[in-house]
Each structure stands twice: as C-alpha cells, then as structure tokens.
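Chain letters run A, B, ... following the sequence lines, proteins first, then strands; residues in each count from 1.
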Amino acid sequence: MAIQRPKGTQDLLPGTVEQWQYLEDTIRNVCREFGYEEIRTPMFEATELFQRGVGQTTDIVKKEMYTFLDKGDRSMTLRPEMTASVCRAYVEDKLYGQPQPVKLYYIGPMFRYERPQSGRYRQFHQFGVEVLGADQPLVDAEVISLVWNLYKRLGLVGLEVHVNSVGCPTCRAEHRKRLQEFLDERQSELCSDCQERFERNPLRILDCKNPSCQTLTAGAPTTKDTLCEECSTHFEGVLALLGAAGVVYRVNPRLVRGLDYYTKTAFEVMVEEIGAQSAICGGGRYDGLVEEIGGSPAPGIGFAMGIERVLAALQVQNKLPEQKPKLFAMLIALGEKAQNKAFSLLCELRDQGIPVGIDLLGRSLKAQLKAADRQNARFALILGEAELEKNVLLIRDLTIGEQTEVSLDKSLQEINKKYQRGV
RNA sequence: GUGGGUGUGGCGAAGUGGUUAACGCACCGGGUUGUGGUUCCGGCAUUCGUGGGUUCAAGCCCCAUCACCCACCCCA
C-alpha cells in the first residue's frame, strides 16, 4: 500500500493555500497596526518547558505530547502550544531588557496527539499574541480588542466572546476549596467524567456539558464570588475598557481555561457553525508563567487562535475571497525553431514581470489554445514557422477572439504596453 | 482512550449474489494539413480500501484489518 500522510495531518494544496495566505496576510496587517512584532521559535523544545509551563496535570502534558529522545538522550517535545516557548525566549533572549512591554505574535504549526475530528488535528496551526511585562487592565483590553478587530475585518459574524477572571493563585485556591465543599455531598450524582475532575480540576465541572451536572452546579460558588480585591478591581477595569472599545462580550463566570498557567483574565471566542470544536480563540493572563519557567517575575497575557477553525468559519459564512489566478498571456510556439525564439521572448517578458506561460507538453496548436483558455489567459501569443519567416508575432485576444500581427522586434514593447494598460 | 458512521476510476455517484461494473464532472485525443472557450465523436476502473472465508457464482453475505469522517473527552 502507498504511504499515507500521518493521521491528523493535512496536505494544503493550491487553491487552499491561497486561503491560508489571505488569512495570514490579514493577521499580519492587524498585528502591524496594533504594534505587534513576529517571533519564531523552534518547533520542538525541551520536554520540561511544557511540563512546567503548561502544567503536569493537564491533558496536554499527560497524554497529548509528541515526546521523543534525541540522539543525545535528551527528552524533546514537538510544541503543543507556543506561550511557554515565547516566555522561554523572553527570558533566554533577555527581551525583558528591551522597552517594555514586549508585544509579540506568531503563526505556526503545533502538535498534539489527539483523536482527530472536525476542527481538530494532530498538526494544527495557531496564530497567537503575547504581551510580556505589563499588568494593566488596558493590556488585557487591547489584546481582546485585537481579536475583535481581526474578526471584524474578516467579516465573521455571530461570534460569542466570553470573558471571565479566574483570579490569582490565592483566590483560585479559595474558589477550588469552596467549590469542593459545595459539591462534596453531591459528588456521587456527578457524571463519571466530573467525578474524576473533582480532585484533579474541580473548576472544570462548572464547564461540563452534561445537563445534570449543570443543574447540580447551578448554585455553586463561581469565580466571581471568590475573587480577591485586586483581581476583582482588575477585572472590572478590563470590562469597562472592553465596553469602551465596543467589544460585544458576555461575562461567563463558568469559563475556565484548561492550561495551568492562567491567572485573572480568561477569554474565549466561539462560533457555533463549525461543529463541536467551536472555540476559535482562547487566551488569558498568565502572571506567574515567566517565573515558573525560571525567569524573574514578569506579567503576561496572550491568546491562541486556531487557523483551521477560523478558516472553517470563514468557509461556512462564505467570507473567503474568490481568487482565480489569472495568467496574462500564454505563449504558443509551433515547431522547434519557433520554440527557441519563443522561449527567449518568454524570458524577456518574465524579466519585465509579466506573468506569461508556455506549453510544456509539446502539444498541438489547438490543444495549446485550449490550455490557454483554461488557464484564464487574456492573450495567446502565437509564433509558428510562418510567423518566424515573416518575423512577426500573432497576438490573439482570447476574450474577444481577435488577433493582430506585430513585428517581432516590437512585440515585447507592444505586449508590455497592453499589460501596463490592463493592470 | 471510548462510541457511532463510511470506504466503487482524479472528484461526485448508481449498483444489495449471477456472466462485458451505470451515469455526471474533470482529464486526454479527434471532427482532414496551424486557431480556444459552445457542440459532436472517441478514450479513460482486468476492478469495487486490504486480507481471509462462505458459495457453482460476491462490489454486494461473514470475519479480520487498515484508512477516513463524526461525537465523547480535551482544546485552538
């Protein structure tokens, strides 16, 4: 059997790649306007970085990482996300020495060993933003408004922006304790997944899709009830700024993020139409992460956006631009002598930056014209033995079907003129 | 890791035990010697994901296996 691509990966073919480029271009433009600069880090890192950054107890670290030993017996891992890498670079490359805050963005592949489904791949791509070295609510608001702005520019509609504050480690511990107390006597009524979550990550129970769990937790203490003074003030500040920015959001006190490093602000953007994996973007503040991976303490906030999911949303909402690659002209040569001359003309045309093609299969005139038509070429430039003898070139306008004869010496100039006029 | 669904040419898709595997799109060629997009004609699966089994006979039945899709879980 033929070799197949690994499960959960995809080949992006011409036609699709243009859609990715469109999205990437839009992303880069928005980032530039917001004053963010691109960072690129290795696709694999020391396994320990993710264990410490993302958290030992998370599913990502426990069962989804592509981990291997290199030839020097070092444990390496294909990055499952990029926040940890950016923080590592912040420390290692001494970005804290630059004017603060440092505003970065990235676009690239991530790897997680999961069962693929709609909107979920083993190699998937994220666009993300990270701001290091600033803890003001204004930063949180700017980051969220960047997301908002991007979606607006892409033309996406019907998005839900959920915002919450998960608090600092102190209020989070408090919340966890009170939640466990609340659920203690009803533990046996929870679904089996939630019973497991009870010890490991009780906050996630609030997020369970199971209706019976939802009714059970109806009156449970939420993050809101347990935020300390500082976190609460910060959160209020963020919400006020979001309002000022015109971001339409919903405070969702049950929103909990899965990665361990989040503190204070957490947010998520959802689109219903793309299937079960509806989170198109997720992020939040992580004020303890830089210290956790060995740097001196620095606040941070960021998000990651699933490129495949955004594209899926653009697809269902019909917001992807039509693009048909258009060739300006197709050079048609008949016979070997003509081909030599035609090829040199082709090269000259290309030197001038004019998109011109030539038949590479040695086909008949008829077949070549057909091919020119199929490629959406505007003109066919015909050069056969007869033309060669007369030292002329036939320029055929394929849209109206008229053709003129031009002297070969002037042909380059003539075509260039048409091209300039057309563009 | 668990559950459900699907697997016929490049794509879409008929065919549910009987001999040469519809059709549409795409692709390739041709309609007298050098002119496309329309039209007409022709070509394009020794074979139905793979391996085994049942049967006189299997794309159609059974078993296994692989792949893909969807959902749980998790997350972007």
May I ask you to list the residues of residues 47-65 of chain A, by number, that have any heavy atom positioned under 4.0 Å from an atom of RNA chain B?
A/Asp59, A/Glu64
Please check if the number of heavy atoms outside A/Lys410 that lie under 6.0 Å from its NZ is greater than 12.
no
Quick check: are there more than 12 heavy atoms from other residues, nucleotides or ligands sitting under 6.0 Å from CD of A/Glu185?
yes
When you measure from every atom of RNA chain B, which of residues 109-125 of chain A have a heavy atom less than 4.0 Å away?
A/Arg112, A/Glu114, A/Arg115, A/Gln117, A/Ser118, A/Gly119, A/Arg120, A/Tyr121, A/Phe124
What is the distance, rounded to the nearest whole Å, between atom CZ of A/Arg309 and atom P of B/C70?
12 Å
Distance, C1' atom - from B/C61 to B/U55, rounded to whole angstrom
10 Å
Using a cut-off of 4.0 Å between protein heavy atoms and nucleotide atoms, how would you tag nucleotides 28-36 of chain B 5' to 3' with B, S and -?
SS-B--BBB
Just how far, in rounded Å, is C1' of B/C74 from CE of A/Met270?
14 Å
Heavy-atom count check: over 12 atoms from other residues, nucleotides or ligands less than 6.0 Å from A/Tyr113 OH?
no
Dot-bracket for RNA chain B, please. Rules: Watson-Crick or G-U, both distances under 3.5 Å, ( ) within the strand, [ ] when a pair crosses earlier ones, | for another strand, . otherwise.
((((((((.[[[..)..(....]]].((((.........)))).....[[[[[..)....]]]]])))))))....
Sequence neighbours excluded, every pair satisfying ring-ring contact (aromatic ring centres under 6.0 Å, His included) that has a member inside residues 19-56 of chain A:
A/Trp20-A/His125
Nearest whole angstrom, please: distance from the P of B/A76 to the CD1 of A/Ile107.
17 Å
Can you list, pair by pair, the side-chain donor-acceptor contacts under 3.5 Å of residues 272-279 of chain A, counting residues two or more places apart and other chains?
| residue | atom | partner | partner atom | Å |
| --- | --- | --- | --- | --- |
| A/Glu273 | OE2 | A/Gln317 | NE2 | 3.2 |

Closest non-hydrogen atom pair between A/Met65 and A/Pro80, with its separation:
SD-CG, 4.0 Å
What I want to check is whether the side chains of A/His234 and A/Asp135 have a donor and an acceptor closer together than 3.5 Å.
no
Using side chain to side chain contact (heavy atoms under 4.5 Å, CB included) as the criterion, list what pairs up with A/Ile400, not counting sequence neighbours.
A/Asp397, A/Glu402
Taking salt bridge (charged side-chain N to carboxylate O under 4.0 Å, His left out) as the cut-off, I'd like each qualifying pair that reaches into residues 41-58 of chain A, sequence neighbours left out, listed once.
A/Glu45-A/Arg88, A/Glu48-A/Arg52
Are OP1 or OP2 of B/A67 and a side-chain N or O of A/Arg5 less than 4.0 angstrom apart?
no
NZ of A/Lys7 versus P of B/G49: gap in Å, rounded?
18 Å
What is the separation between atom CG on A/Leu255 and atom P on B/C74, rounded to the nearest whole Å?
14 Å
How about A/Asp184 and A/Gln180: does a side-chain donor come under 3.5 Å of a side-chain acceptor?
no
Run the salt bridge (Lys or Arg N to Asp or Glu O under 4.0 Å) check on A/Glu38 and A/Arg28 step by step: do they pass?
CA-CA 9 Å; A/Glu38 183 171 357; A/Arg28 288 179 205 282; 2.4 Å; yes
Exercise: identify the closest heavy-atom pair between A/Lys341 and A/Leu408
CE-CD1, 3.9 Å
Quick one: ring-ring contact (aromatic ring centres under 6.0 Å, His included) pairs with a partner in residues 357-409 of chain A, sequence neighbours left out?
A/Phe328-A/Phe379
CA sep, side-chain torsions, deciding dist, call: A/Phe124, A/Phe111, ring-ring contact (aromatic ring centres under 6.0 Å, His included):
CA-CA 6 Å; A/Phe124 61 103; A/Phe111 307 86; 8.0 Å; no
To the nearest Å, give me how far apart CD (A/Gln4) and P (B/U65) are.
17 Å
Exercise: do A/Asn164 and A/Thr223 side chains pair donor with acceptor under 3.5 Å
yes
What is the distance, to the nearest angstrom, from the CG atom on A/Leu203 to the P atom on B/C75?
12 Å
Are any protein N/O atoms closer than 3.5 Å to N/O atoms in nucleotides 41-44 of chain B? If there are, list each pair with its distance.
none

No-hydrogen, no-angle side-chain donor-acceptor test under 3.5 Å, A/Thr265 and A/Ser165
no
Residues of residues 75-91 of chain A with any non-hydrogen atom less than 4.0 angstrom from an atom of RNA chain B: list those, numerically ordered, please.
none
Closest to the 5' end of RNA chain B, once A/Ala304 and A/Gln277 are matched to their nearest nucleotides, is A/Gln277
Contact list for residues 248-289 of chain A, test ring-ring contact (aromatic ring centres under 6.0 Å, His included), sequence neighbours left out:
A/Tyr261-A/Tyr286
Do A/Leu393 and A/Leu345 pass the side-chain contact (heavy atoms from CB on, under 4.5 Å) test, and can you show the C-alpha distance, the side-chain angles, and the key distance before you say yes or no?
CA-CA 11 Å; A/Leu393 179 75; A/Leu345 179 60; 3.9 Å; yes
Determine the Euclidean distance between corresponding C1' atoms of B/G51 and B/G15; express it in Å to zero decimal places.
24 Å
Could you tell me how far apart A/Gln10 (CD) and B/A67 (P) are, to the nearest whole angstrom?
18 Å
Once you apply a heavy-atom cut-off of 4.0 Å, does A/Ala372 come out as touching a base, just sugar-phosphate, or nothing?
nothing
Can you check whether A/Leu179 reaches A/Leu206 side chain to side chain, under 4.5 Å on heavy atoms?
yes
